[in-house]
Amino acid sequence: MDENKFFREATLRICGSIEIEKALFDCLDYLKNFIPAESVYLHFIDLREKTGVVYAMADGGGGRQLNIRFDYPAPVWRLIGDGSDLPEEVLLDRADKSTLGKHMLKIAGLSGIRSLMMMRLSLDSKEVGVIAFEARGESRFSREHLHRLRLLQSPFAVAISNSRRYIELLELKNLLADDNKYLQQELLSQKSDEIIGADFGLKHVMQQVNKVAPLSSPVLLMGETGVGKEVIANAIHKYSSRRNEPFIKVNCGAISETLIDSELFGHVRGAFTGAFENKRGRFERAHRGSIFLDEIGELPKAAQLRLLRVLQEMEFEPVGSAKTIKVDARVIAATNRNLEDMAAEGLFRKDLYFRLKVFPIYIPPLRERACDIPALTQYFMHKKYREMGFAEYPSLAPGAVKRLEAYEWPGNVRELENAVERAMIVSGGKTLHFDDSGFEKPRSVWEEAPRDAEGSPVMLDDVISSHIIKMLHRTKGKINGEDGAARAMGVNPATLRNKMRKLGVPFGRGVQYK
Ligand SMILES: Nc1ncnc2c1ncn2[C@@H]1O[C@H](COP(=O)(O)OP(=O)(O)O)[C@@H](O)[C@H]1O
Ligand SMILES: [Mg+2]
């Protein structure tokens, strides 16, 4: 046998492809002429973690990339020790009779009488893996075969090290693509960070924000839906020293219970069906920055426990991984539910509630800060004017702002924003009246405005129709005249009828309002 030719030909095949499984297959195909191997396995021993990984294998049928992690049983581990006792090469005539060999066969899923030949691979005195050749039957490999394999130690080591770097690069690329996608989404949902009412209705809130923002303690934002909790969470991040680091948002109510752990803490490839790649969780992304846990009251109990641990120890394990990740993320939580009640009813972990409410900030509803309504209205008119591309800036009809100020705003700032948008569409971007009868009523009437099961306000139209029905009950179904519903609501009877037709409120003969 010409050793130089053997080395050259085998090396060409070993280094012929960056995909290690293909290289292994090509190489095995050639080596079969010199070594009676049936299959070849590449694996790596992690001495620190005391685990092993099979990367790739090849047999007559082809090559495969694998990622099988395994623990060494104690007897095998005793053989391996700290690695220094492990021989450079192992030749086993009956692998199925040796402790180490039996383990190797088991990992490879092989049985019966087998011969095994293994060699450690190192590059720059760094261990890069172990290559193992296997064949059916007893004493298939000789000293001469081992010598031939030894000739190829360096090419194998170079190939496996390159391939591992290549796989790491691919994983990094995936991570970056993942990050990129995430950032794009965040960019799309970026809103202006102006806070209207900071010196008026939200003055007290802003004082608290200024106090707590520079610290790293968790903040709990409480308030009805649409009051601006997210706006305030943004402000806390912006006013902190973390402002140039990520602000990561999680809507705990919008992610299914099965995915919430993976969303928050990430997962490793193969952790569950559909986990094709490693994925970083939101906590990891929020490292050095802030994480905004919106609707924290919706967080499932299992995730609550994990969150508690992050708050206490600032560490967690991704789903399917044993590796602990340390993070430094400031937690800002928000809820429109009463966490104290939920904790008392056992719906929310008490320990987590106490941990979160270190610094609670309550954001009052819009109806309690009517002084902000004029500025907010103008702000949203500007915003919509730009977004909707109207030719001219709209004006407000006399009395329009008064009507808005008198309204109860069950949906708070978000509802006001929607109302402005609606009025601009209705008026074609000219003069805004806000003369839907809903805005014309004194506040007190709205105390019983219908809400859904969670106490959230329902659609504006529903609010309006239920109010009309209530007024009709009061006037016993009468619409016209001094004591009619139209007069009571300050609108023209024809307008009211139109409205009722539109909203599907029944009227006329045969309909009884008593
Ligand atoms: N003080 C404010 N200044 C400007 N816009 C606000 C203010 N408060 C709320 N908004 C706007 O109102 C909408 C609802 O606010 P958001 O923070 O999402 O409320 P929440 O999280 O409490 O439900 C958003 O479009 C937000 O930009
Ligand atoms: Mg919100």
Side-chain angles (χ1 to χ4, degrees), residues 185-210 213 218-239 247-255 263 282 290-299 331-339 356 360-388 401 404-405 407-425 451-452 454-460:
Q185 274 169 6
E186 286 298 291
L187 261 183
L188 284 177
S189 65
Q190 263 306 327
K191 292 176 201 144
S192 103
D193 45 12
E194 203 169 342
I195 298 177
I196 308 298
D199 292 324
F200 299 94
L202 290 178
K203 191 166 182 169
H204 182 61
V205 168
M206 292 315 288
Q207 281 167 350
Q208 289 174 286
V209 166
N210 288 325
V219 180
L220 179 61
L221 302 173
M222 293 176 303
E224 290 175 15
T225 178
V227 283
K229 295 187 290 295
E230 192 169 340
V231 175
I232 297 300
N234 257 303
I236 292 172
H237 178 70
K238 289 259 161 62
Y239 298 166
F247 176 79
I248 302 295
K249 197 196 147 178
V250 189
N251 187 338
C252 303
I255 302 167
E263 274 301 321
R282 309 263 175 123
S290 313
I291 186 163
F292 176 44
L293 302 172
D294 203 2
E295 297 187 30
I296 186 108
E298 313 301 320
L299 201 65
V331 174
I332 306 172
T335 182
N336 59 359
R337 307 191 47 179
N338 187 329
L339 288 189
L356 286 172
I361 298 181
Y362 171 72
I363 304 166
L366 189 57
R367 62 185 165 277
E368 285 171 21
R369 47 186 169 104
C371 58
D372 291 341
I373 288 176
L376 278 168
T377 308
Q378 286 294 345
Y379 171 75
F380 288 131
M381 281 164 67
H382 249 287
K383 187 174 158 195
K384 304 293 161 188
Y385 161 70
R386 267 179 310 170
E387 280 175 11
M388 296 158 98
V401 171
L404 296 181
E405 284 173 338
Y407 179 60
E408 185 73 2
W409 297 112
N412 292 296
V413 184
R414 184 176 294 118
E415 191 192 2
L416 174 61
E417 179 171 2
N418 293 341
V420 170
E421 179 166 342
R422 221 172 89 145
M424 284 177 69
I425 295 168
R451 281 154 201 254
D452 65 19
E454 270 93 31
S456 313
V458 295
M459 307 287 290
L460 186 54

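In listed order, ligands and their atoms are each counted from 1.
Checking side-chain atoms of K229 against main-chain N and O of G223 turns up a donor-acceptor pair under 3.5 Å. In this structure, the side chain of N412 does not engage the main chain of R414 through any donor-acceptor pair within 3.5 Å. Between the side chain of W409 and the backbone N or O of L404, at least one donor-acceptor pair lies under 3.5 Å.
The shortest separation from a heavy atom of G226 to ligand 1 is under 4.0 Å, placing the residue in contact.
Close contacts of ligand 1 with E230, meaning ligand atoms under 4.0 Å from a residue heavy atom, involve 17 (O), 18 (O), 21 (O). Atom numbering of ligand 1 starts at 1 in the shown order; those under 4.0 Å from a heavy atom of E194 are 3 (N), 4 (C). Short contacts between ligand 1 and L202, defined as distances under 4.0 Å to a heavy atom of the residue, involve ligand atoms 1 (N).
When heavy-atom distances to ligand 1 are checked against a 4.0 Å cut-off, E417 comes that close only through its side chain, counted from C-beta outward. Neither the backbone nor the side chain of D372 comes within 4.0 Å of ligand 1, counting heavy atoms alone.
Of the N or O atoms in Y379, none lie within a sub-3.5 Å distance of an N or O in ligand 1. Considering backbone and side-chain N/O of I195, none are found under 3.5 Å from N/O of ligand 1. The distance criterion of under 3.5 Å between nitrogen or oxygen atoms is not met by L376 with respect to ligand 1. The shortest N or O to N or O distance between G228 and ligand 1 is under 3.5 Å. At a 3.5 angstrom cut-off on N or O pairs, R369 does not count as close to ligand 1.
No side-chain donor-acceptor contact under 3.5 Å links E224 and N336. Checking E415 against Y407 by side-chain atom types alone, a donor-acceptor pair falls below 3.5 Å.
Ion pairing between E417 and K383 holds under the 4.0 Å rule for side-chain N and carboxylate O.
Using a 4.5 Å heavy-atom threshold, the side chains of L293 and I296 count as touching.
Here the shortest heavy-atom pairing between I373 and T377 reads O-OG1, 2.6 Å.
Ranked by closest heavy atom to atom 14 (C) of ligand 1, the top entry among R414, K383, E295 is R414.
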